[in-house]
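Note sheet for the following structure.
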Amino acid sequence: MAEQKLPTRAEDFSEWYNQLVLKAELADYAPVRGCMIVRPYGWALWENIQQALDRRFKATGHVNAAFPMLIPKSFIEKEKSHVEGFSPELAVVTIGGGEKLAEPLVIRPTSETIIGHAYAKWIQSYRDLPLLINLWNSVVRWELRTKLFLRTLEFYWQEGHTAHATFEEAEFETRQMLDIYTDFAVNEAAVPVIPGRKTAGERFAGADQTYSIEAMMGDGKALQAGTSHNLGQNFAKAFEIRYLDKQGQLQHCWTTSWGLSTRFIGAIIMVHGDDQGLILPPRLAPFQVVIVPIFKNDEEKGPVMDLARKIRADLVASDIRVKLDERDGLTPGFRFNDWEMRGVPLRMEVGPKDVAKGSVVLARRDRPGREGKTFVTLDGLPATVSKALVEIQAALLARATQFRDSKTHHPTDFAEFRTCVESGFALCFWCGSEACEARAKEQTKATIRCIPFATEPANGACIVCGQPAAEKALFGKAY
RNA sequence: CGGGGCGUGGCUCAGCCUGGUAGAGCACCUGGUUCGGGACCAGGGGGUCGGAGGUUCAAAUCCUCUCGCCCCGACCA
């Protein structure tokens with residue numbers, strides 16, 4: 001329950017986020033530093049994210065499976081750049097059942113290696129390909145600086161792992177899954193994202209190519225919201241994932257992996273939230289509508305609750321996720337603020353006047369205050385509510401897109417660049433050298449988030465060194 | 001690992017300088033009055049003051065050590 005106001009986003013965006021996550025009961029701190037407890041409201045949101053993604057995965061031929069959390073340490077060490085990338089952040093189990101283990105076990109930071117081991121056994125022929133498996137699990141990475149949802153030691157996600165006969169098929173898969181993430185982000189979460197290619201320095205440890213979707217948060221900073229990797233034949237060679245082709249030749253497979261995590265919840269919070277609290281996109285909100293009954297005494301309570309329960313049943317029958325606030329002893333004003341803080345997209349007020357008039361009050365979360373209230377009749381209420389939810393979903397996407405575009409600049413010299421990345425994104429020419437990438441980071445803390453697919457082919461001067469450049473990179477300060 | 005800050009009921013903190021055996025607000029419980037934008041009154045429960053050691057007749061307070069957390073600098077979904 002909310003007890004106090006949040007700091008405003010302008011005052012302290014970071015603190016606004018921290019307090020909101022706790023007060024909205026999305027998550028709580030765990031006894032171990034850097035770990036989080038995902039509370040029921042937060043998990044309900046994650047479940048809706050899972051469903052939206054899972055049906056897209058299934059529709060493209062993927063199946064779910066479960067792999068163990070413990071991985072032999074030697075597995076991690078088989079792929080050179082994979083070890084280098086992950087060894088600093090591994091949690092290692094050295095004792096089991098009171099005995100020191102002959103070989104230490106790592107708690108999976110990701111499952112490429114154990115997948116490689118299994119795929120090597122399962123794949124013999126081109127007829128076994130493609131192999132398209134997804135895992136819903138949690139992984140552990142020993143991070144130094146943590147923040148609820150955005151970066152915790154353990155986090156929940158899905159990781160897809162596929163094996164293919166050719167580079168082209170693997171590349172198609174990698175891009176297809178990024179497209180799915182984009183579609184999910186835009187159409188389910190109302191989070192506008194920029195899909196693109198990562199630079200070599202930002203690539204996944206062990207990948208030939210990493211693609212990501214990048215979103216802008218309410219403070220102008222970037223958040224990587226999902227990634228898809230073309231692993232080439234790196235893991236296939238390290239784990240001997242081979243198949244016999246139609247010509248009877250033994251070939252190494254081409255593999256991919258792709259993931260989206262509970263970090264995305266952080267994106268939803270920071271993209272849509274306002275100074276009153278969360279604003280959840282209707283398609284993912286655990287409760288799409290909250291009914292707040294209003295009455296002064298038992299005399300009024302009976303008819304009000306009867307109507308409220310009937311409305312709830314009607315909405316449920318129309319597949320609308322609805323919550324009836326039946327808590328005792330709270331004033332309506334308190335409930336309004338409480339549910340606004342929790343981001344329920346639509347509030348319905350049902351009081352004695354409504355019982356008398358055959359109407360209810362609807363209040364849109366994206367238009368706070370009394371001004372956003374409208375009176376609607378009970379006739380066709382489920383349809384009215386559904387229509388409002390669709391409108392809110394669209395309004396959130398439009399607002400977030402407008403915000404992001406207004407803070408995405410196209411600087412042409414470094415001084416201008418420096419100013420742009422203080423408050424948003426800079427989309428500008430980059431010559432492709434790691435030196436320029438590093439120099440920009442040193443001087444401004446902004447990194448290349450991705451090289452967007454969408455930029456028109458053109459030529460210009462690198463924002464850092466002024467040398468000829470053939471592509472534009474998206475720069476921003478990142479979470 | 002370097003720099004800065006903090007550990008006192010569930011939460012935010014006061015008390016520490018100048019030792020005398022623990023307080024406020026919020027939250028929680030009970031009863032009553034309230035209720036269409038964060039109600040009010042009355043009563044009540046809850047803390048070995050992060051931990052260990054020391055000084056002292058007496059330690060939340062002074063001394064030593066230790067543990068933990070938060071913020072800022074090098075990795076990451």
Side-chain angles (χ1 to χ4, degrees), chain A residues 1-6 12 14-15 18-19 22-23 28-34 84-90 109-110 137-147 149-159 181 198 201-205 210 212-215 222-229 257-267 276-277 292-301 304 325 327-341 347-357 359-361 363 368-373 375 438 441-442 445 447 478-479:
Chain A
M1 195 181 302
E3 57 285 332
Q4 287 289 319
K5 281 186 179 169
L6 295 162
D12 188 342
S14 178
E15 197 49 31
N18 288 338
Q19 290 191 23
L22 297 173
K23 285 180 175 168
D28 203 349
Y29 292 103
V32 175
R33 176 198 72 86
E84 287 167 4
F86 280 109
S87 54
E89 47 185 276
L90 291 180
T110 178
N137 60 18
S138 71
V139 292
V140 169
R141 298 179 187 178
W142 216 263
E143 303 288 351
L144 299 179
R145 300 190 55 197
T146 59
K147 201 171 175 73
F149 289 117
L150 298 183
R151 194 181 302 102
T152 49
L153 298 201
E154 180 185 15
F155 60 87
Y156 300 87
W157 73 343
Q158 58 70 216
E159 45 175 326
Y181 289 154
K198 284 289 192 183
E202 300 274 337
R203 224 171 256 160
F204 175 76
T210 287
S212 73
I213 50 172
E214 301 286 332
L223 186 77
Q224 178 173 306
T227 49
S228 185
H229 316 290
S257 68
W258 27 275
L260 186 147
S261 75
T262 40
R263 167 182 269 194
F264 203 94
I265 291 175
Q276 313 303 316
V292 176
I294 297 160
F295 48 82
K296 289 185 177 48
N297 46 46
D298 285 349
E299 205 176 314
E300 289 179 353
K301 182 175 179 179
V304 165
D325 185 351
R327 293 177 294 180
D328 273 340
L330 297 174
T331 61
F334 182 92
R335 294 175 210 254
F336 297 167
N337 285 284
D338 192 42
W339 290 112
E340 277 170 12
M341 193 266 301
R347 180 181 71 242
M348 184 182 294
E349 301 172 18
V350 179
K353 295 176 200 167
D354 302 300
V355 173
K357 291 190 299 186
S359 68
V360 294
V361 172
R370 294 187 188 113
E371 304 74 26
K373 293 189 184 186
F375 293 87
K441 184 176 180 181
E442 264 169 45
K445 290 181 183 172
T447 52
Y479 272 96

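Naming convention: chains lettered A, B, ... in sequence-line order (proteins, then strands); numbering from 1 in each chain. Because only heavy atoms are used, hydrogens play no part in the values below, and waters and symmetry mates are left out as well, while side chains stay in.
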Once you apply a heavy-atom cut-off of 4.0 Å, does [X] come out as touching a base, just sugar-phosphate, or nothing?
| X | value |
| --- | --- |
| R203(A) | nothing |
| V292(A) | nothing |
| E300(A) | nothing |
| S257(A) | nothing |
| G259(A) | nothing |
| F295(A) | base |
| L223(A) | nothing |
| Q224(A) | sugar-phosphate |
| K445(A) | sugar-phosphate |
| L260(A) | nothing |

Name the pairing partner of [N], where a pair is Watson-Crick or G-U wobble with both distances under 3.5 Å, or state none.
| N | result |
| --- | --- |
| rG53(B) | rC63(B) |
| rG46(B) | none |
| rG19(B) | none |
| rC26(B) | rG10(B) |
| rU33(B) | rA39(B) |

Selected nucleotide, minimal atom distance to [X] side chain, candidates [options]:
| X | options | answer |
| --- | --- | --- |
| E340(A) | rG37(B), rG36(B), rA77(B) | rG37(B) |
| R141(A) | rG37(B), rC76(B), rA39(B) | rC76(B) |
| E89(A) | rG36(B), rA77(B), rC75(B) | rC75(B) |
| K296(A) | rG38(B), rG36(B), rC35(B) | rC35(B) |
| K441(A) | rG36(B), rC75(B), rA77(B) | rC75(B) |
| T227(A) | rG37(B), rA77(B), rC35(B) | rA77(B) |
| F334(A) | rA74(B), rA39(B), rG37(B) | rA39(B) |
| D354(A) | rG37(B), rA39(B), rG36(B) | rG36(B) |
| P332(A) | rA77(B), rG37(B), rG36(B) | rG36(B) |

Original post:
Mapping A225(A) and N297(A) onto RNA chain B by nearest heavy atom, which one lands closer to the 5' end?
Top reply: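 Counting from the 5' end, the first nearest nucleotide belongs to N297(A).
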
Subject >> Comparing G34(A) and K353(A) on RNA chain B - which has the more 5′ nearest nucleotide >> reply: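 Result: K353(A).
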
Below 4.5 Å, heavy atoms only, C-beta onward: do [X] and [Y] meet side chain to side chain?
| X | Y | result |
| --- | --- | --- |
| E349(A) | I294(A) | yes |
| M341(A) | D338(A) | yes |
| T227(A) | S212(A) | yes |
| L153(A) | W142(A) | yes |

**OP:** Check the surroundings of atom NZ in K373(A): do more than 12 heavy atoms from other residues, nucleotides or ligands lie under 6.0 Å from it?
**Re:**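 Above 12, so yes.
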
**OP:** Report, as yes or no, whether the 6.0 Å neighbourhood of atom NZ on K441(A) holds more than 12 heavy atoms from other residues, nucleotides or ligands.
**Re:** no

**OP:** Can you tell me the distance, in whole Å, between the CD atom of E442(A) and the C1' atom of rA74(B)?
**Re:**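 In whole Å, rA74(B) C1' and E442(A) CD are 12 Å from each other.
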
Taking only the [atom1] atom of each, what is the distance from [N] to [M] in whole angstrom?
| N | M | atom1 | answer |
| --- | --- | --- | --- |
| rG23(B) | rU48(B) | P | 14 Å |
| rG9(B) | rA22(B) | C1' | 11 Å |
| rC62(B) | rG10(B) | C1' | 31 Å |
| rA74(B) | rG15(B) | C1' | 41 Å |
| rA59(B) | rA52(B) | C1' | 15 Å |
| rC49(B) | rU21(B) | P | 15 Å |

**OP:** Could you list the residues that satisfy salt bridge (charged side-chain N to carboxylate O under 4.0 Å, His left out) with E340(A), not counting sequence neighbours?
**Re:** R347(A)

Original post:
Got a donor-acceptor contact below 3.5 angstrom from the E300(A) side chain to the K296(A) backbone?
Top reply: yes

Original post:
K373(A) side chain N/O closer than 4.0 Å to the phosphate oxygens (OP1, OP2) of rG37(B)?
Top reply: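 For rG37(B), neither OP1 nor OP2 has a side-chain N or O of K373(A) closer than 4.0 Å.
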
**OP:** Return no unless some side-chain N or O of T331(A) is found under 4.0 Å from OP1 or OP2 of rA39(B).
**Re:** yes

Original post:
Do the side chain of R335(A) and the base of rG36(B) come within less than 3.5 angstrom through a donor-acceptor pair of N or O atoms?
Top reply: no

Subject >> Aromatic stack W157(A)/rA77(B): centroid gap under 5.5 Å, interplanar angle under 30° >> reply: no

